[in-house]
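The analysis underlying the following values was restricted to heavy atoms, covering all of them including side chains, and did not include hydrogens, waters or symmetry mates. By convention in this document, chain letters (A, B, ...) are assigned in the order of the sequence lines, proteins followed by strands, and residues within each chain are numbered from 1.
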There are 2 protein chains.
Amino acid sequence: MANHLDALFAALSDPTRRAVIERLTTGSAPVSELYAPHEMALPSFLKHLGKLEAAGLVRSEKVGRVRMVHIEALPIAEAEEWLKRQRRLWEGRLDRLSALAENIEKDSHDG
Amino acid sequence: MANHLDALFAALSDPTRRAVIERLTTGSAPVSELYAPHEMALPSFLKHLGKLEAAGLVRSEKVGRVRMVHIEALPIAEAEEWLKRQRRLWEGRLDRLSALAENIEKDSHDG
DNA sequence: AAGATGATTAGCCATATGGCTAAGTATTAA
DNA sequence: TTAATACTTAGCCATATGGCTAATCATCTT
């Protein structure tokens, strides 16, 4: 995937993975705890964790036999920024259109 | 896909599709114009447009033999909101942690 | 009416994704 | 030192995804 936004948005496109992110906003947790609510085999779940980590949304390190996982704020902010920029560009265009409409209105009175 | 955020984030996970969104923030355009900058066969490109439309990010209607495409603001705002909420939850937790740290500090002086 | 234009449909292909089981490794607990 | 715990690795499977060509349809333009 060329752009890292690719991996970022792809990571967020799955409900299991978004649920993990939602859980992690309340604090770090070991794999076993993150896994508990999900009705799938552990290896399947670990693939999801792997994608989150590959996208940079999450980090983890092993403490004894337990792997602790924590959220990484920056990539979330980056995705948010991309969306915000698109929304603003779009809104900016609407503003310019209505300004234009006003000018046309004015012109029709002047002219 | 259960949640409509699934389709939304999945639609945004491809550079061709994000490029289309970026182009559309500057105004509606016919398929042929949206297609022009992309080095792939038209049917391939149309699949991308189809995903954007399925995700609700885009609408289109046919005028003569031309199909005009325009952006739909709401889904972008929804994706943005989900991200914002996660960021705030996480930041809120940091605030609580530092408040807790201050209390512990205070207690250690009192006790 | 013929030809060009803009899109659409059908169908093929390779790779990615999301799920599984089975078996293995490394720590900790008894 | 044996057993339980917490992952980890390997490998299989079905479906989804992203690309293609070839053929078709619908609407202008000449």
Side-chain angles (χ1 to χ4, degrees), chain A residues 1-24 27-71 79, chain B residues 1-24 27-71 79:
Chain A
M1 293 190 258
N3 194 311
H4 80 135
L5 281 177
D6 289 17
L8 204 44
F9 283 124
L12 295 172
S13 73
D14 180 278
T16 297
R17 294 192 294 256
R18 284 198 307 280
V20 169
I21 292 295
E22 285 171 355
R23 163 64 187 80
L24 287 175
S28 303
V31 166
S32 54
E33 186 186 326
L34 294 174
Y35 167 55
H38 301 282
E39 301 207 332
M40 64 178 64
L42 180 57
S44 310
F45 182 77
L46 290 179
K47 278 198 194 173
H48 287 298
L49 269 190
K51 291 218 161 178
L52 287 172
E53 195 147 11
L57 281 161
V58 137
R59 286 198 187 195
S60 69
E61 62 282 331
K62 203 143 182 189
V63 183
R65 66 188 166 182
V66 168
R67 179 172 291 278
M68 286 297 291
V69 184
H70 57 91
I71 205 171
Chain B
M1 291 188 262
N3 194 311
H4 80 135
L5 282 177
D6 288 18
L8 204 44
F9 283 124
L12 295 173
S13 73
D14 181 278
T16 298
R17 295 193 293 257
R18 284 198 307 280
V20 169
I21 293 295
E22 285 170 355
R23 163 64 187 79
L24 288 176
S28 303
V31 166
S32 54
E33 187 185 326
L34 294 174
Y35 167 55
H38 300 282
E39 302 208 331
M40 66 177 66
L42 179 57
S44 309
F45 182 77
L46 289 180
K47 278 198 195 174
H48 287 297
L49 268 190
K51 291 217 161 181
L52 287 172
E53 195 147 12
L57 282 162
V58 137
R59 285 198 187 195
S60 70
E61 64 281 330
K62 203 144 182 188
V63 183
R65 65 187 166 181
V66 167
R67 179 172 291 278
M68 286 297 292
V69 184
H70 57 91
I71 205 170

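A straight line from CG of Leu34(B) to C1' of dA7(C) spans 13 Å, rounded to a whole angstrom. Counting to the nearest Å, the P atom of dT21(D) and the CZ atom of Phe45(B) are 17 Å from each other. When the C1' atom of dG18(C) is taken as reference, atom CD of Glu39(A) falls 16 Å away, rounded to whole Å. Rounded to whole Å, the distance from NE2 on His38(A) to P on dC20(C) is 13 Å. Rounded to a whole Å, the NZ atom of Lys51(B) is 8 Å from the C1' atom of dG18(D). Here dG18(C) presents its P atom at 12 Å from CG of Leu12(A), a figure rounded to the nearest Å. Rounded to whole angstrom, the span from the CG atom of Asp14(A) across to the P atom of dT17(D) amounts to 12 Å. Rounded to a whole Å, the CG atom of Leu52(B) is 14 Å from the C1' atom of dG18(D).
Side-chain nitrogen and oxygen atoms of Ser44(A) include at least one within less than 4.0 Å of the OP1 or OP2 phosphate oxygen of dC20(C).
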With a 3.5 Å cut-off and sequence neighbours excluded, list the donor-acceptor pairs that the side chains of residues 36-49 of chain B form with protein atoms.
{"residue": "His48(B)", "atom": "ND1", "partner": "Arg17(B)", "partner atom": "NH1", "Å": "3.1"}

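For Met40(A) and Gly64(A), each mapped to the nucleotide of DNA chain C holding its nearest heavy atom, the one lying further toward the 5' end belongs to Met40(A).
Residue Ala29(B) comes nearest to Leu34(B) through the heavy atom pair CB-CD2, 3.9 Å, listed as atom of the first residue, atom of the second, then distance. Closest heavy-atom contact between Ala11(A) and Lys51(A): CB-O, 4.2 Å. Closest of all the heavy-atom pairs between Ala55(B) and Leu8(B) is O-CD1, 3.7 Å. Listed here is the closest heavy atom pair of His70(A) and Leu24(A): C-CD1, 4.3 Å. Summarising the geometry of Ser13(A) relative to Arg18(A), their closest heavy-atom pair is C-NH1, 3.6 Å, with the distance given to 0.1 Å.
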Which protein N or O atoms sit under 3.5 Å from an N or O of nucleotides 7-14 of chain D?
{"residue": "dC7(D)", "atom": "OP1", "partner": "Arg67(A)", "partner atom": "N", "Å": "2.8"}
{"residue": "dC7(D)", "atom": "OP2", "partner": "Ser32(A)", "partner atom": "N", "Å": "2.7"}
{"residue": "dC7(D)", "atom": "OP2", "partner": "Ser32(A)", "partner atom": "OG", "Å": "2.9"}
{"residue": "dC7(D)", "atom": "O3'", "partner": "Lys62(A)", "partner atom": "NZ", "Å": "3.2"}
{"residue": "dT8(D)", "atom": "OP1", "partner": "Lys62(A)", "partner atom": "NZ", "Å": "3.2"}
{"residue": "dT8(D)", "atom": "OP1", "partner": "Arg67(A)", "partner atom": "NE", "Å": "2.9"}
{"residue": "dT8(D)", "atom": "OP1", "partner": "Arg67(A)", "partner atom": "NH2", "Å": "2.9"}
{"residue": "dT8(D)", "atom": "OP2", "partner": "Arg67(A)", "partner atom": "NE", "Å": "3.4"}

